[in-house]
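Step one of this worksheet: look at the structure below.
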There are 2 protein chains.
Amino acid sequence: MTDMQEKIPSNASFPLNPDKDGRQIRGDRTRQALVESAFEEIYMHGFRAASLNDIIKKAGCTKGSLYHHFADKHALGLAATAEFMGAHIKELWIDPLAETADPLTSIRTIIGHYAFGDVGHDPRLGCPFQNLTQEMAGIDEDFQNYFKNLFEAWRDALVDALKRGERNGTVRKGIDAESVATLIIASHQGVASMIKATQDEGVGHTATSAFFDYLDSLRP
Amino acid sequence: MTDMQEKIPSNASFPLNPDKDGRQIRGDRTRQALVESAFEEIYMHGFRAASLNDIIKKAGCTKGSLYHHFADKHALGLAATAEFMGAHIKELWIDPLAETADPLTSIRTIIGHYAFGDVGHDPRLGCPFQNLTQEMAGIDEDFQNYFKNLFEAWRDALVDALKRGERNGTVRKGIDAESVATLIIASHQGVASMIKATQDEGVGHTATSAFFDYLDSLRP
DNA sequence: TAAACCATACCAACTGGTCGGTTTGTTTAA
DNA sequence: TTAAACAAACCGACCAGTTGGTATGGTTTA
């Protein structure tokens with residue numbers, strides 16, 4: 001259950017050999033189909049409301065396969081979460097921030113991606129991270145820990161980039177990088193939340209305008 | 001079901017007559033107990049996970065009473081939502097903003113209440129509005145409409161106050177009041193969301209510091 | 001009496017999870 | 001080169017428990 005979380009991300013080399021249907025890769029394919037359909041069902045209905053029967057239907061396998069690969073629903077959900085959410089935050093936030101010399105511009109670009117809806121998910125369905133976080137926080141320790149770690153990595157990437165900006169003169173000196181980083185994430189999450197609440201993407205554009213002004217206020 | 005939404009808020013004059021146990025007020029009392037325990041259960045477990053059996057147990061009545069007063073779970077949830085959430089937003093935001101001459105200071109005070117946890121709910125359980133919004137938005141039209149209206153009233157109160165501040169010189173002229181108001185709500189919701197996600201109230205204090213700086217940047 | 005109010009027993013649908021058994025691919029040994 | 005032995009992968013009927021909701025009859029009050 002706990003080692004599941006560490007085991008999942010290491011499936012990078014799939015498909016190994018799509019032609020030969022060996023025992024190993026057949027199992028891997030079933031498992032991958034389960035994880036993918038689990039993520040979709042969880043994203044659309046939430047973890048608790050996601051039905052295992054629907055998940056296996058979408059994955060094209062049966063209960064037996066599911067419980068061969070995963071101990072229980074909890075382990076499946078954790079696997080799906082780790083595989084997709086971690087990758088999303090890493091690709092869209094952590095990696096771009098890691099080396100940028102001008103963090104405020106980078107952040108503006110990233111937020112712009114969200115505002116214009118090319119981040120791979122329907123904004124009206126909410127941010128997957130936000131959705132699951134709100135549902136599972138406080139009721140499941142394993143999900144809780146995963147969120148906490150992911151959030152810390154996210155915020156640390158922002159803090160590092162902001163401090164780098166302070167040193168090279170693209171960010172006003174004297175700001176509290178941790179505080180600003182936290183507010184940036186919170187604002188972003190909040191906007192996603194409001195878009196979902198109102199089912200109106202216009203809210204995102206409206207808020208983004210003021211958010212960009214805020215970013216500018218952090219310039220020297 | 002739809003008229004329920006309009007019927008609920010007009011119970012302002014409760015209790016009517018606690019001494020005389022007439023038919024009318026006996027029913028009102030049962031109904032009120034149901035609405036209250038429904039709100040608590042929904043707040044703690046979410047709407048879908050809230051069990052009607054638990055609700056009637058906490059309310060001290062039975063299924064018969066419940067389905068005498070409400071058409072179904074949906075109507076009960078809507079009633080509880082309208083009664084408690086609407087009142088909360090009105091008391092904490094809309095009323096104080098309605099007449100203030102210095103909106104930025106008022107907003108700072110309101111956010112301060114949340115940051116120091118004296119708003120009547122455990123921050124780690126999340127904001128009730130935020131919780132329900134995230135769960136029900138996009139899957140239930142009636143809840144959706146209620147959220148949309150409440151959010152608009154909330155934002156309008158902020159916009160009016162900010163424009164008033166622009167006129168009387170407590171707010172910098174030339175800001176986009178709608179945009180700023182939207183970002184303020186989003187930030188606040190986002191912070192609540194992050195506190196719940198990390199189960200760490202310190203996040204609120206950290207983010208609030210940067211948020212106060214942002215408010216100051218809106219001064220003349 | 002009539003109507004509002006409440007209690008109990010009950011229902012079909014669905015939940016996550018289990019289990020005995022079958023299929024399939026690999027390994028071993030003759 | 002076969003065939004036996006083995007284990008991973010898979011199947012689907014089934015389980016107990018819970019859900020929201022209903023049917024029906026009794027009680028309280030105007």
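Values below: every heavy atom of this structure, side chains too, minus hydrogens, waters and symmetry copies. Protein chains get the first letters and strands the later ones, always in sequence-line order, with residue 1 at the start of each.
- Distance, H74(A) NE2 to dT15(C) C1': 17 Å, rounded to whole Å.
- Between the CD atom of Q32(B) and the C1' atom of dC5(C) there is a distance of 17 Å, rounded to whole Å.
- Residues S65(A) and G64(B) both approach DNA chain D. Their nearest nucleotides, taken by heavy-atom distance, put S65(A) toward the 5′ side.
- Two rings, from F129(A) and H88(A), have their centers 6.0 Å or more apart.
- A donor-acceptor pair is defined here as one N or O able to donate and one able to accept, closer than 3.5 Å; such a pair exists between the side chain of K73(B) and the backbone of A50(B).
- Remark: the backbone N or O of L125(A) is paired with a side-chain donor or acceptor of N131(A) at under 3.5 angstrom.
- Between the side chain of R155(A) and the backbone N or O of A181(A) there is no donor-acceptor pair closer than 3.5 Å.
- Checking side-chain atoms of Q144(B) against main-chain N and O of A197(A) turns up a donor-acceptor pair under 3.5 Å.
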N/O-N/O pairs, protein side and nucleotides 16-20 of chain D side, under 3.5 Å:
from	atom 1	to	atom 2	distance (Å)
dG20(D)	OP1	A50(B)	O	2.8
dG20(D)	OP1	K73(B)	NZ	2.8
dG20(D)	OP2	L52(B)	N	3.0

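- For the OP1/OP2 pair of dA9(D) and a distance below 4.0 Å, the side-chain nitrogens and oxygens of H68(A) include at least one atom meeting the criterion.
- Contact annotation: H69(B) side-chain N/O to dC6(C) OP1/OP2 distance is under 4.0 Å.
- Remark: T30(B) is not in phosphate contact with dC5(C), judged by side-chain N or O atoms under 4.0 Å from OP1 or OP2.
- Rounded to whole Å, atom C1' of dC5(C) lies 15 Å from atom CD1 of I56(B).
- Counting to the nearest Å, the C1' atom of dT24(C) and the CZ atom of R29(A) are 14 Å from each other.
- Computed from C1' positions of five pairs at each end, the angle between the two local axes of the helix from dT1(C)-dA30(D) to dA30(C)-dT1(D) equals 0°, rounded to 10 degrees.
- If you look at F84(A) and Y43(A), their ring centroids are not closer than 6.0 Å.
- dC14(C) atom P lies 16 Å from atom CD1 of I55(A), rounded to whole Å.
- To the nearest angstrom, P of dA9(D) lies 12 Å from CG of L34(A).
- The minimum heavy-atom distance linking S193(A) with Q130(A) is given by the pair CB-NE2, 3.2 Å.
- Side-chain N or O atoms of T100(A) include none that pairs as donor or acceptor with a backbone N or O of P96(A) at under 3.5 Å.
- Formation of a donor-acceptor pair under 3.5 Å by the Q189(A) side chain with backbone atoms of G190(B) is not found in this model.
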